[in-house]
Amino acid sequence: MKKGLIALSPLIVFIVLYLVTSIIARDFYKVPITVAFLVSSIYAVIVMGGIPLQKRIDIYSKGAGTGQMMLMLWIFVLAGAFANTAKAMGAIDATVNLTLNLLPGNMLLAGLFLAACFISLSIGTSVGTIVALTPIAAGIATQTDISVPMMTAVVVGGSFFGDNLSFISDTTIVATSTQSCKLSDKFRVNSFLVMPAAILILIVYLFLGHGIISPQEIPEVSFFKVIPYLLVLVTAIFGMNVMAVLTLGILLSGIIGMIDGSFDIFGWMGAMGEGILNMGELIIITMMAGGLLEIIKHNGGIDFIIERMTRRVHTKRGAELSIAGLVSFVDICTANNTVAILTVGGIAKQIGDKFGVDNRKCASILDTFSCMMQGLIPYGAQMLMAAGLAALNPISIIPYLYYPVAIGIISLLAIIFRYPKRYS
């Protein structure tokens, strides 16, 4: 018990230092998230004990520089370069003006949510959806006096619709493979949970958007400048690798910008460099989070959570609740929904088999609850990416994240009331 709590204590230090202190101060900018991660990381290395200091630092560095972590960082670098190049060339303004021309004010929230749902379902990734839509959402918010955090949250929420449901989503693939069930079967079970949530939130956005009025004078749309975003959306929908998509976006934005006279070759390079630098804090946070969580895992913190949360399971309902709680808590600790499913997938299969939980329901629970939690933690890659692109503090987005909360509540009720019956 004591060892397990010590293993988890760096995460507790981070939560107290960042969240609790910020709530007490009523200002989430009082304690920079980078400082909170730095202090908790130093604490984690100190309390690790039992091995030489250099070995502890090596373990921390291993977590900060895993292959998956580095892939995420390269995406951040390319996303920053693309977003700022597109902004300097005028692509964001052109796309915002086109959106305002196509959609009436009262449909902006619902339309953006539907777009995020469709794109994420098509490309199977929340990060790719957020990269494509967040700058547009922030631009629309500025033009219409809608809250920027709310518009950003609309995109983040919709992005998890596809992350959770898409056939090509890594969470779907991992969840079905660990539970030995078909993608199509898991999709059917999942649909019973997330479709009602998506419809409910769409109605909420239609209601919230009722009083929104588009600007009276919308500038003429420069369709030429919309092409980079269209390319990014289309290539992503057809399944192209997100890094290749962003590279194409950077090249096309640069070429159009030079043809249009928005900048010369040096201006293009300057825009890319500034965009990359704007992602600096996000990259640092991601690496420190990876290192911190690697130490927690090395010290047995994840194993401790799994053991404590499964020791009193006696019924099928209890088994499903324990699986949901496990994957949610491990996601808080790992800040990665795919890693969370991988971590608890094996034990979830054992629990499910022991208590007769349908493999398809088990896979759905793993995916849905990991996506729900990933959509709410302020230090997850998706929230950090959205906050970086919209120039926001990630905490400011959380109060508007209706969709992740909705899928969490509906999925919890489905476990309690044994829905859908045929899979329960």
Working for side-chain contact (heavy atoms from CB on, under 4.5 Å), residues Gln374 and Gln382: CA-CA 8 Å; Gln374 187 70 16; Gln382 293 85 350; 2.8 Å; yes

Contacts of type salt bridge (Lys or Arg N to Asp or Glu O under 4.0 Å), residue Asp353, not counting sequence neighbours: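 Per chain and number, Asp353 pairs via salt bridge (Lys or Arg N to Asp or Glu O under 4.0 Å) with Lys349.
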
Can you measure from [atom1] ([X]) to [atom2] ([Y]) and round to the nearest 0.5 angstrom?
X      : Y      : atom1 : atom2 : result
Ile395 : Tyr379 : CD1   : OH    : 10.0 Å
Phe160 : Ile407 : CZ    : CD1   : 8.5 Å
Ile130 : Leu389 : CD1   : CG    : 8.5 Å
Leu114 : Tyr205 : CG    : OH    : 11.0 Å
Ser159 : Leu133 : OG    : CG    : 9.0 Å
Asn190 : Leu165 : CG    : CG    : 5.5 Å

Plane angle bin for Phe14 and Phe37 - parallel if under 30°, tilted between 30 and 60°, otherwise perpendicular: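 Ring orientation of Phe37 relative to Phe14: parallel.
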
So, [X] versus [Y]: side-chain donor-acceptor pair below 3.5 Å or not?
X      : Y      : value
Glu274 : Asn278 : no
Asn164 : Thr171 : no
Tyr400 : Thr152 : no

Side chain proximity check, Ser411 to Ile365, heavy atoms < 4.5 angstrom: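 Of all side-chain heavy-atom pairs linking Ile365 with Ser411, none is under 4.5 Å.
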
For [X] against [Y], the heavy-atom pair lying closest together:
X      : Y      : result
Ala36  : Leu17  : CA-CD2, 3.6 Å
Val155 : Ala116 : O-CB, 3.8 Å
Ile377 : Met383 : O-CG, 3.3 Å
Val327 : Ala340 : O-CB, 3.9 Å
Ile410 : Pro196 : CD1-C, 4.1 Å
Ala386 : Thr134 : O-CG2, 3.6 Å

Test side-chain contact (heavy atoms from CB on, under 4.5 Å) applied to Asp331 and Met372, step by step: CA-CA 10 Å; Asp331 188 81; Met372 177 272 293; over 6 Å; no

Test log, rule side-chain contact (heavy atoms from CB on, under 4.5 Å), inputs Gln179 and Lys186: CA-CA 10 Å; Gln179 303 311 302; Lys186 182 261 185 189; over 6 Å; no

Determine yes or no for a side-chain-to-main-chain donor-acceptor pair under 3.5 angstrom, with [X] supplying the side chain and [Y] the backbone.
X      : Y      : value
Ser166 : Asp163 : no
Ser364 : Arg360 : no
Ser177 : Val174 : yes
Lys361 : Val189 : no
Arg56  : Ile51  : yes
Ser253 : Ile250 : no
Ser120 : Cys117 : yes

Passing option when Ile42 is tested against Val39, Val45, Leu38 for side chain to side chain contact (heavy atoms under 4.5 Å, CB included):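 Exactly one candidate clears the test, Leu38.
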
Step-by-step side-chain contact (heavy atoms from CB on, under 4.5 Å) determination, Phe113 to Phe161: CA-CA 10 Å; Phe113 179 68; Phe161 176 83; 5.7 Å; no

Asp185 and Arg188 ion-paired at < 4.0 Å: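 Result for this pair is yes, salt bridge flagged.
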
